[in-house]
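Working notes for the structure below.
Atoms considered below: every heavy atom in the structure, side chains included; atoms not considered: hydrogens, waters and symmetry mates. Source: prediction; values computed, not measured.
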Amino acid sequence: MHPNQPALRRVACGIVWLCLLTAPQQAASRTEAASPGAWPERVYRWYYNPQHAPLWLSAESARALVEEASKPWLACGVRMAYQGEISRAPGKMDQLNVVGWSLKIPPQLRGMTTGRAQQGQLRERDIVIRADRAEFERSPQLLQKVITHEFGHAIGLTHSARCDDVMTLAADCPETDPDRLPLVLTAHDLARCLAIYPP
């Protein structure tokens, strides 16, 4: 990573990815960081913690939405293996991949993925979604897009420099209408994923 990039960007593209809403950078300065690694055997095994899910979603709808948001990444040959529900909170770094909700992550964040990698292999990736954002109730499509984006981080993708990608950083594209953000992987998203998981 270039030493002149902001410290937050170095953190965001290291072991913690943050989906920020503030402090946009100029498009010309955006670059795509290298992936920290890939999952052995091309499988991301994840558990779902239903605690703190949005109040406007039923428990079943919330779980189904998360499962649906994982599916676009099947297109690049990664198996998104749902392992069932669990009571462990995401973000604990306990050798389990947990996807869930929180009211404790900073309010300017839509979601956050944390994890560990070693020698080019991913070891753990937890996803936390901020459950109380009013914009998600207004636009469930935005919520699904954010979760799909976080699943991208969970399998090793970093932020995209293109505003029309699923993996774009929202803060880099402040003029993009949230309702027009893509749910389907773009050709660029897919190419970046295939570079990590070649056929």
side-chain hydrogen bond (donor to acceptor under 3.5 Å, both in side chains) filter on Gln144, not counting sequence neighbours, yields none
By side chain to side chain contact (heavy atoms under 4.5 Å, CB included), which residues pair with Leu103, not counting sequence neighbours?
Ala131, Asp132
Candidate pair Met93 and Arg116, rule side chain to side chain contact (heavy atoms under 4.5 Å, CB included), full reasoning:
CA-CA 8 Å; Met93 296 298 99; Arg116 299 177 295 120; 3.9 Å; yes
When you compare the side chain of Ile129 with that of Val146, does any pair of heavy atoms fall below 4.5 Å?
yes
Listed once per pair and sorted, the salt bridge (charged side-chain N to carboxylate O under 4.0 Å, His left out) pairs that draw on residues 43-59, sequence neighbours left out
none
Nearest heavy-atom neighbours spanning Gly156 and Ser35:
O-OG, 2.6 Å
Val78 vs Ile196 side-chain heavy atoms within contact, under 4.5 Å:
no
If I compare all heavy atoms of Ser160 with all of Asp165, which pair ends up nearest, and what's the gap?
OG-OD2, 2.5 Å
Please report the closest heavy-atom contact between Ala195 and Pro198, naming both atoms and the distance.
O-CD, 4.1 Å
Looking at CG of Leu185 and CG of Leu194, how far apart are the two atoms once the value is rounded to the nearest 0.5 Å?
9.5 Å
Taking side chain as C-beta onward, heavy atoms only, is Pro36 less than 4.5 Å from Thr158?
yes
Answer whether the closest heavy-atom distance between the side chains of Thr168 and Lys145 falls below 4.5 Å.
yes
Which pairs with one or both residues in residues 74-85 pass side chain to side chain donor-acceptor pair (under 3.5 Å), sequence neighbours excluded?
none
Quick one: side chain to side chain donor-acceptor pair (under 3.5 Å) pairs with a partner in residues 89-102, sequence neighbours left out?
Tyr48-Trp101
Each residue besides Val98 in its hydrophobic cluster should be listed here, by chain and number; the cluster joins Ile, Leu, Val, Met, Phe, Trp and Tyr at side-chain heavy-atom distances under 4.5 Å.
Tyr47, Ile86, Leu96
Can you tell me how far the NZ atom of Lys104 sits from the NE2 atom of His52, to the nearest 0.5 Å?
6.5 Å
By the disulfide bond (SG atoms under 2.5 Å apart) test, which pairs, at least two apart or in different chains, include something from residues 107-139?
none
Under a 3.5 Å threshold, yes or no: a donor from one side chain and an acceptor from the other, between Thr186 and Asp189?
yes
If you look only at pairs with a residue in residues 60-72, which of them pass as a side chain to side chain donor-acceptor pair (under 3.5 Å), with sequence neighbours excluded?
Ser58-Ser61, Glu60-Arg63, Arg63-Glu67, Glu68-Lys71
Heavy-atom pair with the smallest gap, counting every atom of Arg125 and Ala154
CG-O, 3.2 Å
Decide yes or no on side chain to side chain contact (heavy atoms under 4.5 Å, CB included) for Met167 and Glu32, but give the supporting numbers first.
CA-CA 10 Å; Met167 291 309 299; Glu32 294 174 0; over 6 Å; no
What distance do Arg192 atom CZ and Arg162 atom CZ have between them, rounded to the nearest 0.5 Å?
9.5 Å
Ring centres under 6.0 Å, that's the criterion: do Trp46 and Phe151 meet it?
yes
Please enumerate all residues that pass side chain to side chain contact (heavy atoms under 4.5 Å, CB included) together with Pro140, with sequence neighbours excluded.
Trp56
Using 30° and 60° as the class boundaries, would you call the ring planes of His159 and His153 parallel, tilted or perpendicular?
perpendicular
Under 3.5 Å, is there a donor-acceptor pair between the side chain of Asp126 and the main chain of Pro90?
no
Kindly give the heavy-atom pair with the smallest separation between Ala69 and Thr148, and that separation in Å.
O-OG1, 2.9 Å
Please determine whether side chain to side chain contact (heavy atoms under 4.5 Å, CB included) holds for the pair Leu57 and Phe136, giving the CA-CA distance in whole Å, both sets of side-chain angles, and the decisive distance to 0.1 Å.
CA-CA 10 Å; Leu57 279 174; Phe136 289 158; over 6 Å; no
When rounded to the nearest 0.5 angstrom, what distance separates CD1 in Ile127 from CG in Asn49?
13.0 Å
Spatial distance of atom CZ (Arg130) from atom CD1 (Ile105) [nearest 0.5 Å]:
6.5 Å
Decide if atom NE2 of His188 counts as having more than 12 heavy atoms of other residues, nucleotides or ligands within a radius under 6.0 Å.
yes
Compare all side-chain heavy atoms of Trp73 with those of Val166 and state whether any distance is below 4.5 angstrom.
yes
Is Val184 linked to Leu143 within one hydrophobic cluster, defined over Ile, Leu, Val, Met, Phe, Trp and Tyr using a side-chain heavy-atom separation of less than 4.5 Å?
no
Which residue pairs pass the disulfide bond (SG atoms under 2.5 Å apart) test when at least one of the two sits in residues 85-135, sequence neighbours left out?
none
Within this structure, what is the CD-CZ distance for the pair Gln108 and Arg133, rounded to the nearest 0.5 Å?
8.5 Å
With the 4.5 Å side-chain cut-off for hydrophobic clustering, are Val43 and Tyr197 part of the same group?
no
Name all pairs fulfilling the ring pair (Phe, Tyr, Trp, His ring centres under 6.0 Å) condition that reach into residues 112-131, sequence neighbours left out, sorted by first residue then second.
none
Hey, could you give me each pair passing disulfide bond (SG atoms under 2.5 Å apart) that has a residue in residues 38-101? Not counting sequence neighbours.
Cys76-Cys193
